[in-house]
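If you're wondering where the values come from, they're calculated on a predicted model, not measured in any experiment. Below, chains carry the letters A, B, ... as their sequence lines are ordered, and counting in each starts from 1.
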Amino acid sequence: MERNALAQTLDCGQCFRWKREADGSFTGMAGGRWAHISEDNFADVVKDKFWAGYFDMGLDYVGIRLEFCRLDPLLEKAVAFAPDIRILNQEPWEAMCSFIISQCNNIGRIKGIISRLCTAYGEEAENGMHAFPLPEKLASLKDEDLLRLGCGFRAPYIIDAARRVSCGSVDFGVLKGMPLAEARKKLTCVRGVGPKVADCTLLYGMHRLEAFPMDVWMKRAMKTLFPGRTPEFFGRYAGIAQQYIYYYSRSNPQIFKEDALKA
DNA sequence: GACCAGGTATTGC
DNA sequence: GCAATACATGGT
């Protein structure tokens, strides 16, 4: 049951533009750059400043894991399942748009939609890949353009988000300096952005590590694994705890069924 | 063919 | 406030 460290981070549900190759390496895009990353070249890749930032190399994950393991035995279990998860520094607009698309959708289809969106509207980059489309680009589209790509009922949400970001009514630079609750409230002004997508934007796109997205899996996990606890229980890196718990829960759904049998 | 997928907006009590 | 429902789409 060995999962390589790279897969734990790139395949744990926080990002959608990496493709796992047959040999366990990954190819994908971030910040308009293409990369092929493997266990072997990872150390070299993160010598580059951009990738070091993307992979959050400046944060002491060893220490944070230690804290988590001391905090709660079930959290310790989740950490042990995929200890090498790191929270990536994704672009805020890409994170927001990606998680708008994620609602009521499955990971495979989310990746497919995003891939088509990039091919159709993103700037061309290396190896025939495309950057994530700029908000200005998507702001000029009609619902129909996005329906063609399979966006479904999320099409108008994406366009509203693109408009608000490109006109500056939602300004990630400003949100960065705001208290979490305030930034969250501002984000939910966008149609199609509720508390969950707002928290995903804050955690994955703005590196607000205290943000704690509550999707169906996390609700289940909180109820059965951490009854009576709130996100605050996990401290200022609650978002990282969330990622450990989310991935552990997704990968071991039987833990909920066993619980149901006992009841 | 019904049911589900990292939700949200709208409506009705 | 809180439960119910519609919202496109593709895969089991």
Nearest listed nucleotide, side chain of L147(A), among dG7(B), dA8(C), dG6(B): dA8(C)
Side-chain H-bond candidate by donor/acceptor type, D23(A) with S25(A), under 3.5 Å: yes
Sequence-aligned protein contact record of nucleotides 2-7 of chain C, with B where the base is within under 4.0 Å of a protein heavy atom and S where only the sugar-phosphate is: -----B
Residues in ring pair (Phe, Tyr, Trp, His ring centres under 6.0 Å) contact with F42(A), at least two apart in sequence or another chain: F55(A)
Full working for side-chain hydrogen bond (donor to acceptor under 3.5 Å, both in side chains) between Y237(A) and Q242(A): CA-CA 9 Å; Y237(A) 296 119; Q242(A) 178 270 161; over 6 Å; no
Pairs satisfying salt bridge (charged side-chain N to carboxylate O under 4.0 Å, His left out), at least one member in residues 47-65 of chain A, at least two apart: D44(A)-K47(A)
Set of ring pair (Phe, Tyr, Trp, His ring centres under 6.0 Å) partners for Y244(A), sequence neighbours left out: none
Any pair counted as salt bridge (charged side-chain N to carboxylate O under 4.0 Å, His left out), so long as it reaches residues 157-175 of chain A, sequence neighbours left out: D160(A)-R164(A)
Ring centres under 6.0 angstrom apart (Y204(A), F16(A)): no
Sugar-phosphate, base or nothing in reach of Y247(A), heavy atoms under 4.0 Å: nothing
P atoms of dT8(B) and dG11(C), separation to the nearest Å: 25 Å
Touch class at under 4.0 angstrom, heavy-atom based, for R250(A) against every strand present: sugar-phosphate
Sugar-phosphate only, base, or nothing, as touched by G13(A) at under 4.0 Å among non-hydrogen atoms: base
Proximity of F226(A) and F233(A) rings by center, below 6.0 Å: no
DNA chain B contacts made by residues 113-122 of chain A, counting heavy atoms under 4.0 Å: none
Phosphate OP1/OP2 of dA9(B): any R154(A) side-chain N/O under 4.0 Å: no
